Amino acid sequence: MSTQTATTILESLALDEEGFLLDPQTWTREIAQALAQAEGISELTEAHWKIIEFSRESATESGASPTLRQITKGTGISTKELFALFPKGPAKKVAKIAGVGKPEGCI
Amino acid sequence: MAEETRKMAFICSKGNLDMAYPALIMSWAALGNGVDVTIFFTFWGLDLITKKRVDKLELSPIGNTSMKMSMMGLPTGNLGIPNWMAIIPGMTAFTSWFMKRKIAEVEAPPVREFMEMLSDAGAKLYGCKMTADMMNLSPDDLIEEAQEIVTASEFIDMTEGAQVVFI
C-alpha cells in the first residue's frame, strides 16, 4: 500500500482521541494496513494477520479486546515474536490495527 | 523527530508471594505500552529470581490484616484469619496455595513464567550485589533471565532518566 493510499484511508476514518477505531464494524483489511503504517509497521505479514484475526475473533466472542497473554496463548506466537512484530508497545498497537477497543485486562 | 522512549525502573525488595506481583504486572503493562523496563531485585526481592526460591514463594496469614476469611467464600464479614489459627502447622502452606489459586483465576502466570515473559518482552532483570553476597548466591543460583548481578551504584547509573518505583 502506498503512503498516499494509507493517508487517504486514515483521513476518512473516525478515530477516538487515542487513535482507536470508533466503530469496529467499519474495519477492513485495508484499514488495518493503513493503521499499521501509521504505527510504523510497513507491511503486515502472515504472523501479523494471525494476531489481528485472533484479536478480532476474541473481541467478538468476549466483547473485550484480548490481553497480550491471551494473544500469545491463543495464537501460539511467542512473547518475543509478538514484541518483534509489533515493536514499542504491542498492547495498544495490536488493538488499534485490529480495530478492537483498548485492552481492558492487565496481563 | 525521534521521540525519547519513556523508561521505568522497579526495585523489588519483598519476597512474599503477594508482593512479587505488583512490579511484575506493572512492568508487563509498561512493556506493552512501549516503555523500557529495568527491574532490580534486592533483599528478599532476590527470592523472586533465585532458582531455589522462585517456585516456593509464600504468603503467611500472620500479621496479614487484609486476608479475610470471607475471601474463601465464608459468610464471616470482616473477620480475619484468627492469629491463633495462623500458628497451626500448614497454615502458611494453605494461605499460599489459596493465593496462588486466586492469582491463577485472573489468568496471571506463576512468577517463574512471568519472569520469562518479561525478559522475552525486553525487560532487563538484575540481582543486587550486596544481597547476593549476603545470601552467598552466585549468578548460577539465579534464573537464566536474570543472571547479571549489579551494584546499587550501577543500577542508579543504568536507570538515569527513568521513573523509579520501589516495592
Side-chain angles (χ1 to χ4, degrees), chain A residues 3 7 16-20 35-42 47-48 51-52 54-55 57-59 61-98 100-107, chain B residues 1-8 10 12 17-39 48 99-125 143-146 161-163 165 167:
Chain A
T3 319
T7 315
D16 72 4
E17 287 164 3
E18 287 186 82
F20 288 91
L35 288 166
Q37 284 194 7
E39 291 293 332
I41 300 163
S42 52
H48 286 107
I51 293 169
I52 293 167
F54 171 81
S55 298
E57 277 165 27
S58 168
E61 268 170 39
S62 70
S65 92
T67 63
L68 293 179
R69 188 153 188 264
Q70 284 164 346
I71 293 173
T72 54
K73 291 264 169 205
T75 59
I77 285 170
S78 70
T79 303
K80 237 180 210 167
E81 206 184 337
L82 173 63
F83 275 76
L85 289 165
F86 297 88
K88 299 228 167 260
K92 285 186 190 168
K93 281 190 182 175
V94 171
K96 269 185 196 171
I97 297 168
V100 293
K102 203 167 157 177
E104 285 162 40
C106 293
I107 299 163
Chain B
M1 89 156 242
E3 217 176 289
E4 201 162 321
T5 307
R6 183 173 159 195
K7 289 201 265 179
M8 288 188 85
F10 294 87
C12 290
L17 178 65
D18 54 333
M19 292 310 284
Y21 279 87
L24 306 187
I25 293 165
M26 281 190 277
S27 296
W28 182 247
L31 292 161
N33 284 5
V35 176
D36 273 359
V37 171
T38 303
I39 316 179
L48 312 188
M99 189 46 74
K100 281 183 185 167
R101 219 184 68 161
K102 294 298 274 182
I103 289 165
E105 272 173 23
V106 292
E107 292 183 36
V111 175
R112 190 187 278 264
E113 189 187 334
F114 220 143
M115 294 298 177
E116 202 183 308
M117 282 162 50
L118 291 169
S119 167
D120 284 349
K124 290 177 239 82
L125 316 179
I143 57 169
E144 60 181 272
E145 292 82 11
Q163 293 167 302
V165 182
I167 292 170

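Predicted, not measured: the structure shown is a model, and the values here were computed from it. Convention: sequence-line order gives letters A, B, ...; per-chain numbering from 1.
- In terms of modelled atom types and a separation under 3.5 Å, the side chain of A:R69 and the main chain of B:E107 share a donor-acceptor contact.
- In this structure, no portion of A:E81 lies under 4.5 Å from any heavy atom of chain B.
- Between chain A and the options B:S119, B:P109, B:G34, B:A29, heavy-atom pairs under 4.5 Å are most frequent for B:P109.
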* Under the side-chain contact (heavy atoms from CB on, under 4.5 Å) criterion, do B:W28 and A:T79 qualify, and how do the steps go? -> CA-CA 11 Å; B:W28 182 247; A:T79 303; 3.6 Å; yes
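- Using a cut-off of 4.0 Å between Lys/Arg side-chain N and Asp/Glu carboxylate O, A:K80 and B:E145 are scored as not salt-bridged.
- None of B:L31, B:T5, B:N33 except one satisfies the side-chain contact (heavy atoms from CB on, under 4.5 Å) rule with A:K88; the exception is B:T5.
- Only the side chain of A:K73 comes within contact range of chain B, with at least one heavy atom under 4.5 Å from a heavy atom of that chain.
- Put simply, the side chain of A:S78 does not reach to within 4.5 Å of the side chain of B:D120, judged on heavy atoms.
- In this structure, B:M117 CE and A:L68 CG are separated by 8.0 Å, a value rounded to the nearest 0.5 Å.
- For B:Q163, the CD atom is densely surrounded, since the number of other residues' heavy atoms within 6.0 Å is greater than 12.
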